[in-house]
Visitor: 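Got a structure here, written out as structure tokens. Questions coming.
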Amino acid sequence: MSEFLELEALDGIRMPWNVIPGTREDAVSCVVPVSAIYTPLKSIPDMPVVPYAPLRCRMCRSILNPFSRVDYNAKIWLCTFCFQRNQFPQHYSSISENNLPPELFPQYTTIEYISTAETGPVMPPVFIFVVDTCIIEEEIGYLKSALAQATELLPDNSLIGFITFGTYVQVHELGFGLLPKSYVFKGTKEVSKEQILEQMCFFAGKQKPTTGVIAGTRDGLSSESISRFLVPASECEFVLNSVIEELQKDPWHIPADQRASRCTGAALSVAASLLGVCVPGSGARIMAFVGGPSTEGPGSIVSKSLTEPIRSHKDLDKDSAPLFDKAVKFYDQIAKQLVHQGHVLDLFACAVDQVGVAEMKVAIEKTGGIVVLAESFGHSVFKDSLLRIFQSADNGLGLSFNGILEINCSKDVKIQGIIGPCSSLEKKSPLSADTVIGQGNTSAWKMCGLDKKTSLCFVYDISRKVGPDTVAQQTGKQLYLQFVTYYQHHEGQMRLRTTTISRQWASGAATVQELIDGFDQEAAAAVVARLVSFKMETEVFNNSPDETAYFRMMLERENVGNAVAMIQPSLISYSFQSGPMPVLLDATAIAPDKILLLDSYFSVVIFHGITIAQWRKAGYQDQEGHEAFAQLLKAPHDESDAIIKERFPVPRLVVCDQYGSQARFLLAKLNPSVTYNSDNPAPGGDVIFTDDVSFEVFMDHLQRLAVQ
């Protein structure tokens, strides 16, 4: 496993098959598809960043890389993918075996290019906050506090807009500092770009162009009219803080038997159209803070009457959720509009009830948005995650914008598609396979939003057929894959990152052993989980549609390590007898004199055995001579801090004791090998009160079914 982790550290790629099945038939019989999970912007410590444009093959447009063959005398390089001979340009004239450019160094398989002449000026990021006011006063207080902290961390050059919504949508004019001023839109219908231009006086006192789409300064909009609504953070600090400070609960009366009138869809429609008018093609994010279900206008998920429950999975299965399809269709249109404009939708959903994440999933996923689900705006999951977004330190997210990802593959390898947060650019090419999985039928994808952790799953198709010369062809042959990501870096400039990797074709007789030696189990589990999640949209239990959508979106954007933590949580035991050691997810892992640390990705649980808990309450850790006990208590907290620091969204931290009420966070994840009706329970461990069958019983039944 260590060699696979080393490869990931080098290029941000994990593949289930690191030796590739030699023919189509072999690939099909392997069941797990030939695939790769790639993190385009992974932090790679020694990666070179060079100040010039990359050299491209004139035939297939792939980029010069360490695997390219070079004739130093003739100043020619041979393309790895199409074998085209390319002449080096004049500025490479001094190239020789002892004088190589960074892109030909064997260790630099991942490299970044910045060419200011090609990419133009640095562009400031744009953030529009879309804030729900149909929440109780206490929640508004929490939200105001979180927003005030976040706005202090915004980059000074970033442009800020602010929209609030309840029964109506209000667009605040932050550029007008004399008194609060906002434009109000009805919450019952969508708002087009034309309506935005007209009703928000973008052409006040000027002649509006009679033809063409108006978008941004290049189409006749003055920068003065844009800066009324999108203002640099350094200039609008006072006005923005005043607007946040004066946020109040939506004033419209709510009858006792009804839900609040909340027009989430209309507010997002206004935000998308405003960005489309002002800054099309520039990196921008709509950050929506929602505290309940949408009940008004487009995208509503439930009626206002409290007698009607919010849709469940059972309702979706039976087609008895009349608003669901309509809302999904609406958000699909928003997704298309945002992808076309190059903008991102982020969602912070903080409510005990559902808010419509399942309906919004299509827009968040296609634009590469962030989603955070919490019970309250006062919860640490929300507050810490929001601050993490804007932190500029090494553990910040490094939000980037406007990515375009292209691939190149060796002959006999085609791409079926990507499962992950991106949208197809429908660039059909010879690399596209006939079978489509996820975002397919293309060799280029748009990633409106991406960060250091965004990971995509590429599913490949091996097109090589069995033939008399197949084995001879492939013996000792290498296969090459190249990933090219062009994106707006979080510092503002456009960059191009290219990763080129090489893998070996399986050869002839020794095929099976070669395949086994190169098989990465964790990567295979992550790929299969994504495929299953993608294919089985409605087959779920034990979660609401919102939770299901949230878990799936997280699974489909995380790297292999994090995906494995979601699939199979890790459990580490701490005791006086030994150092930290992994133990089975089983009821027998619990002991009175042990501390357990559970990492299930979305939550981190520190569980104290009953004896440890009693000693802690007695304060032994503070007494002289009990330093070892103090160290034992501290060790799992240090480990949990390290986990939380690395992860986004910030996981929920639960510290609990055996037999305490919060012990359920651990017990729910354990195999109930010892329950209240076990005949002869094993010594040690804990008894779990459940009627669920244990893993052993489940496997026993599965084996019987398999051989019937």
Side-chain angles (χ1 to χ4, degrees), residues 121-133 135 139-165 169-184 200-202 216-217 221-249 267 270-271 274-275 277-279 282-289 343-344 346 348 350 370 372 377-378 382-393 396-401 449 488-492:
V122 169
M123 293 181 283
V126 182
F127 299 97
I128 282 200
F129 294 101
V130 180
V131 179
D132 180 0
T133 57
I135 48 181
E139 286 292 299
I140 283 196
Y142 291 141
L143 181 53
K144 278 158 62 166
S145 161
L147 287 173
Q149 281 182 296
T151 51
E152 285 175 20
L153 297 172
L154 289 167
D156 282 349
N157 67 332
S158 59
L159 301 178
I160 312 299
F162 203 84
I163 294 173
T164 52
F165 68 93
V169 182
Q170 284 184 274
V171 184
H172 296 264
E173 191 176 322
L174 298 179
F176 190 77
L178 302 176
L179 75 162
K181 181 179 177 185
S182 57
Y183 289 78
V184 180
M200 291 171 69
C201 312
F202 273 96
T217 47
L221 273 195
S222 66
S223 51
E224 291 81 26
S225 60
I226 292 171
S227 65
R228 288 160 52 213
F229 302 102
L230 299 177
V231 190
S234 54
E235 293 175 24
C236 70
E237 192 177 343
F238 175 73
V239 179
L240 183 60
N241 283 333
S242 304
V243 170
I244 291 171
E245 194 52 48
E246 287 164 21
L247 273 182
Q248 287 179 343
K249 187 173 182 290
V270 168
L274 180 61
L275 286 176
V277 161
C278 296
V279 286
S282 182
R285 304 185 88 94
I286 297 170
M287 307 187 93
F289 300 86
H343 300 150
V344 188
D346 297 328
F348 298 86
C350 296
I370 287 165
V372 175
F377 287 113
F382 163 70
K383 291 192 297 187
D384 295 348
S385 298
L386 181 62
L387 293 182
R388 180 79 56 84
I389 289 174
F390 298 111
Q391 277 173 350
S392 56
L397 276 183
L399 289 186
S400 300
F401 302 87
Q488 182 182 329
H489 190 261
H490 59 85
E491 290 172 5

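Heads up: numbering here begins at 1 and tracks the sequence.
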Visitor: State the CZ-CG distance between F127 and L399, to the nearest 0.5 angstrom.
Guide: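 Here the rounded value is 6.0 Å.
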Visitor: How far does CG of L153 sit from CG of L387, to the nearest 0.5 angstrom?
Guide: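 Atom-to-atom, L153:CG and L387:CG are 6.0 Å apart.
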Visitor: Which atom names give the shortest non-hydrogen contact between P124 and S282, and what distance separates them?
Guide: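 Nearest heavy atoms, P124 then S282: O-OG, 4.0 Å.
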Visitor: Find the distance between CE (M287) and CG (L147) and round it off to the nearest 0.5 Å.
Guide: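 Answer for the CE-CG pair, M287 versus L147, is 9.5 Å.
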Visitor: Quick one: does any side-chain atom of T133 pair with a main-chain N or O of F165 as donor and acceptor, under 3.5 Å?
Guide: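 Yes, T133 side chain to F165 backbone: donor-acceptor pair under 3.5 Å.
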Visitor: Salt bridge (Lys or Arg N to Asp or Glu O under 4.0 Å) with K249: which residues, sequence neighbours excluded?
Guide: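 In terms of salt bridge (Lys or Arg N to Asp or Glu O under 4.0 Å), with neighbours along the sequence ignored, K249 is linked to no residue.
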Visitor: Indicate the ring-plane relationship of F382 and F289, choosing parallel, tilted or perpendicular according to the 30° and 60° boundaries.
Guide: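 Answer is perpendicular, since the angle exceeds 60°.
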Visitor: Ring pair (Phe, Tyr, Trp, His ring centres under 6.0 Å) with F162: which residues, sequence neighbours excluded?
Guide: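 Checked F162 against ring pair (Phe, Tyr, Trp, His ring centres under 6.0 Å); matches are H172.
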Visitor: Can you sort out the partners of E491 under side-chain contact (heavy atoms from CB on, under 4.5 Å), two or more places apart, ordered by chain and number?
Guide: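 With sequence neighbours excluded, E491 shows a side-chain contact (heavy atoms from CB on, under 4.5 Å) to H489, Q493, R495, given in chain and number order.
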Visitor: Judged by atom type as modelled, is there a donor-acceptor pair below 3.5 Å linking the side chain of H343 to the main-chain atoms of V126?
Guide: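 Looks like no, no N/O pair under 3.5 Å.
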Visitor: So, the side chain of E173 versus the backbone of R228: is there a donor-acceptor pair under 3.5 Å, distance only?
Guide: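 No, the answer is negative, given that no donor and acceptor are paired below the 3.5 Å cut-off.
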Visitor: Run through V270, L230, I160 and flag the one making a side-chain contact (heavy atoms from CB on, under 4.5 Å) with I128.
Guide: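 The passing option is L230.
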Visitor: With sequence neighbours excluded, what pairs up with V372 under the side-chain contact (heavy atoms from CB on, under 4.5 Å) test?
Guide: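 Partners of V372 by the side-chain contact (heavy atoms from CB on, under 4.5 Å) criterion, ordered by chain and then number, come out as F348, I370, V381, S385, F648, P649.
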Visitor: What's the separation between atom CD1 in I163 and atom CD1 in I286, rounded to the nearest 0.5 Å?
Guide: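 With rounding to 0.5 Å, CD1 (I163) is 7.5 Å from CD1 (I286).
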Visitor: Between S145 and G141, is there a donor-acceptor pair closer than 3.5 Å when you use the side chain of the first and the backbone of the second?
Guide: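 Pair absent, no side-chain N/O of S145 close to backbone of G141.
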Visitor: Looking at residues at least two apart in the chain, or sitting in another chain, which of them share a salt bridge (Lys or Arg N to Asp or Glu O under 4.0 Å) with D346?
Guide: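 Checked D346 against salt bridge (Lys or Arg N to Asp or Glu O under 4.0 Å); matches are R285.
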Visitor: Which residues pass the ring pair (Phe, Tyr, Trp, His ring centres under 6.0 Å) test with Y142, not counting sequence neighbours?
Guide: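 Not a single residue meets the ring pair (Phe, Tyr, Trp, His ring centres under 6.0 Å) criterion with Y142.
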Visitor: Would you confirm whether Q488, through its side chain, and G283, through its main-chain N or O, come within 3.5 Å as a donor-acceptor pair?
Guide: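 Judged by distance alone, yes, a pair lies under 3.5 Å.
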